[in-house]
Colleague: 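I'd like to ask you about the structure that follows.
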2 protein chains.
Amino acid sequence: MEISERKKKILTAVIDAYIATAEPVGSKLIAGLGDLDLSSATIRNEMAELTAMGYLEQPHTSAGRVPSPKGYRLYVNELMERQRLSMEEAEAINQSLNLKMQQLDKLMSDVGKLASSITQYPAVALAAPIAATISRFDLIYVDVNTFIAVAMLSNDTVHNKLIHLPFSVEQGMVQRLASVFNTNFVGISEDKITPSLINSAERACGDTMGLTSVVAAFAIDTLNKAKEGEAIVTGASHLLRQPEFRDPDKAHEILSYLSESEHLLGLPSADADDDIQVLIGPENVAKELKDSSVVIARYNAGDNMRGIIGVVGPTRMDYSGVAAKLRYIAAGLSKFLGMPEAPRGFEKLQIKEMTIDEHQEDDR
Amino acid sequence: MEISERKKKILTAVIDAYIATAEPVGSKLIAGLGDLDLSSATIRNEMAELTAMGYLEQPHTSAGRVPSPKGYRLYVNELMERQRLSMEEAEAINQSLNLKMQQLDKLMSDVGKLASSITQYPAVALAAPIAATISRFDLIYVDVNTFIAVAMLSNDTVHNKLIHLPFSVEQGMVQRLASVFNTNFVGISEDKITPSLINSAERACGDTMGLTSVVAAFAIDTLNKAKEGEAIVTGASHLLRQPEFRDPDKAHEILSYLSESEHLLGLPSADADDDIQVLIGPENVAKELKDSSVVIARYNAGDNMRGIIGVVGPTRMDYSGVAAKLRYIAAGLSKFLGMPEAPRGFEKLQIKEMTIDEHQEDDR
DNA sequence: ACTGGCACTCTCGCCTTCTGAGTGCTAATT
DNA sequence: AATTAGCACTCAGAAGGCGAGAGTGCCAGT
């Protein structure tokens, strides 16, 4: 059956009201709004049909209507109006984006904090796993049994590790080791680092003490860490304010699900190159999220990194507002992190160029 | 009034029962245990006196008794028996301690996860803030407008930062800069890095482009980060399983308190050099924790670092079990991290030496 | 095609009642 | 003097009953 223009209006009104109040909405309420000039009886009929069509649901025979996932889907796809942020909100986000940029994980947790405090929902920050390679390798000789291994990856992050040895080495050996690694370990992916490669490297620099394998282990670890991706959840407590999570068991279920970051890494469905992605209730694969919705935005963090910032809430979520806020944050991050000539660390430049001045992006 | 031996026994029994059931305990229950050969009437009388003395409380006139904070205090101080871990528990902890050691923050979050999964309470991991100094400084020249700054701190951690420049520098300049920093910035605390010091360094290496201040900013940031300390909360969702936090408002209050890490840094009271510290209900300064208890253990992470691992729960907490578990974890960590000759990165050695074989430490 | 009206349904909040665990006290027992 | 048995009393919490109110569906009238 076709869904008439009027039905759409009514559905929108119902969803808006339900999002605002969290209570089943009745025909009278909608009529009272005055948006449509119809009596409650007419609206009742329309609502009955919307229910039959699967866009609305009835908790029990004599209660108002509640949107079904299908209804929400229609709503986010074409009904809801794209919200603009208020000046204050935009300003607040800009302020926070001016935070000094740092290590990736620190960045993620800061972004998560920002998103969750702005949206008032728990936020998850993901670093999209990317198979990186080592693009540069150094060993810094500290003293006779200590050196620092430094690996710069193709995604422009740098990792290091302090290595203490239970025996002593001469500086020459450390230098030889570094140059061997720079020749043989640069530009290859983690699975290419085989025992035989390590062995030949060992021979190449005349190492008899297993030094090579220690350094190789660091290289492997580092690459693995980059590949693994990471997930951070922030502001989990916001969830408890939502009426649908007042039941401690429900809250517990979802919170403990969120706290196992492994789950989250599979979150973003592979395709979807949209700016914003919404997963409503049962659209989530994880059964723990069947009653919840997730809104996801992507951003580019530097040349070879993509980050994802998402928000979790009840299906009755302020999709429009959350989407607008996330979109704005993601755009700001992309702009900030993508800037080639205003690098992290150059605070003076940053502050000047950081402000995102277009208040909203083009429409779809 | 003196507290008789018998009263202590009864108090212990009441607290043990209350910890197990979370329900007010009555005289009959205690009598039924058979530990003391007394009738319920006698126990009733004793309990009445214990109440008068302030060790027990009565939720309402005709209910069982509940331990007061004062009661718990006596309990943890002298009544509770020092629990031994079961072999399985000890083994589980040993297993997890074998985790590959990594960056400090990663370590903290891993330790937190371990503690919270073992104790089934939310855990907080704190890095005790320590004023560190730079002990070594390097700059790695990558290309004409990129280099990596590496600072090794007195607490044996290494920090780095990739610095992109909006202009180009020659390698010689970078080398000069590094040696100037190694001469002037090593061994001094953060507040000694003044603008005038930076200025003279700038002159010393003939830098006209503000390079020096960028590198100095990195140095300051790094030192600040070390000084600040850090707090990570893990396993917050466990809290929701405790009956005393079934009220979502209470749960929300405490969870949002915990999520603001700044609060937590002040947690451990300065003194107390005990291995384990217990803060019961109102003994906590923060009003959000007035109904909760905190158990804290300290461990030594390397030469100049101390870490703290704590657990938060209701006042009705399994103090004995939690203390034993934390003590064991902390001892394991101290042993593991303190080992001078089995360094991080030397997996082969680690695995062999890591197992903590004394199953329990000496008594106090 | 819409609306007013009406009978009907069902949840929720409120009140009452009832039950049972637990107490405090007294008198009997050791 | 200490312990115990017995008993009357208290009170929170569960169970049941009741009414109000919000909402529905449907029909007849505009």
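These numbers come from the heavy atoms of this one structure, side chains and all, not from hydrogens, waters or symmetry mates.
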Colleague: Taking atom C1' of D/dT24 as reference, at what distance in whole Å does atom CD of A/Glu46 sit?
Modeller: 16 Å
Colleague: From the options D/dT3, C/dT23, D/dG25, select the nucleotide whose nearest atom is closest to the side chain of B/Thr42.
Modeller: D/dT3
Colleague: Kindly write out the residues that satisfy ring-ring contact (aromatic ring centres under 6.0 Å, His included) with A/Tyr18, not counting sequence neighbours, or none if the list is empty.
Modeller: none
Colleague: Applying side-chain hydrogen bond (donor to acceptor under 3.5 Å, both in side chains), can you list everything that pairs with A/Glu288, at least two apart in sequence or on another chain?
Modeller: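 Checked A/Glu288 against side-chain hydrogen bond (donor to acceptor under 3.5 Å, both in side chains); zero matches.
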Colleague: Once side-chain hydrogen bond (donor to acceptor under 3.5 Å, both in side chains) is applied, do any residues pair with B/Tyr75, and if so which ones, sequence neighbours excluded?
Modeller: B/Asp16
Colleague: Under the side chain to side chain contact (heavy atoms under 4.5 Å, CB included) rule, collect the residues that match up with B/Gln120, sequence neighbours excluded.
Modeller: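 Per chain and number, B/Gln120 pairs via side chain to side chain contact (heavy atoms under 4.5 Å, CB included) with B/His238, B/Arg241.
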Colleague: Considering only heavy atoms, which members of residues 15-39 of chain B lie under 4.0 Å from some atom of DNA chain C?
Modeller: B/Gly26, B/Ser27
Colleague: Provide, to the nearest angstrom, the distance between the CZ atom belonging to B/Arg65 and the C1' atom belonging to D/dA12.
Modeller: 16 Å
Colleague: Looking at residues at least two apart in the chain, or sitting in another chain, which of them share a side chain to side chain contact (heavy atoms under 4.5 Å, CB included) with B/Thr21?
Modeller: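 With neighbours one apart ignored, the set is B/Glu23.
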Colleague: Mind listing the residues from residues 56-64 of chain A sitting with a heavy atom below 4.0 Å of DNA chain D? Number order is fine.
Modeller: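 Under 4.0 Å from DNA chain D: A/Gln58, A/Thr61, A/Ser62, A/Ala63, A/Gly64.
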Colleague: Round to a whole Å and report the spacing from NZ of A/Lys7 to P of C/dC2.
Modeller: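 These atoms are roughly 10 Å apart.
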Colleague: Tell me the interatomic distance from B/Ile43, atom CD1, to D/dT4, atom P, rounded to whole angstroms.
Modeller: 9 Å
Colleague: Output yes when a side-chain donor or acceptor of B/Ser292 lies under 3.5 Å from a complementary backbone atom of B/Pro314, and no otherwise.
Modeller: no
Colleague: Expressed as a whole number of angstroms, how long is the span from A/Glu49:CD to C/dC2:P?
Modeller: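 Computing the A/Glu49:CD to C/dC2:P distance gives 11 Å.
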Colleague: Please table the atom pairs, donor to acceptor, closer than 3.5 Å between any side-chain atom in residues 57-67 of chain B and protein atoms at least two apart or in another chain.
Modeller:
from    : atom 1 : to      : atom 2 : distance (Å)
B/Gln58 : NE2    : B/Thr61 : O      : 3.0
B/Arg65 : NE     : B/Thr51 : OG1    : 2.8
B/Arg65 : NH2    : B/Thr51 : OG1    : 3.3

Colleague: Scan for side-chain hydrogen bond (donor to acceptor under 3.5 Å, both in side chains) pairs involving residues 311-320 of chain B, sequence neighbours excluded, and state none if there are none.
Modeller: B/Gln83-B/Ser320, B/Gln242-B/Arg316, B/Glu244-B/Arg316, B/Ser293-B/Tyr319
Colleague: Residues in side chain to side chain contact (heavy atoms under 4.5 Å, CB included) with B/Asp249, at least two apart?
Modeller: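 Scan of B/Asp249 (side chain to side chain contact (heavy atoms under 4.5 Å, CB included), adjacent residues dropped) gives A/Arg246, B/Asp247.
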Colleague: Quick check for you: to the nearest 0.5 Å, what is the distance between A/Leu239 atom CG and B/Leu255 atom CG?
Modeller: 10.5 Å
Colleague: Could you run down nucleotides 25-30 of chain C 5' to 3' and tag each one B, S or - for protein heavy-atom contact under 4.0 Å?
Modeller: B-----
Colleague: How would you list, by chain and number, every residue that makes a side-chain hydrogen bond (donor to acceptor under 3.5 Å, both in side chains) with A/Glu46, sequence neighbours excluded?
Modeller: A/Arg6, A/Lys7
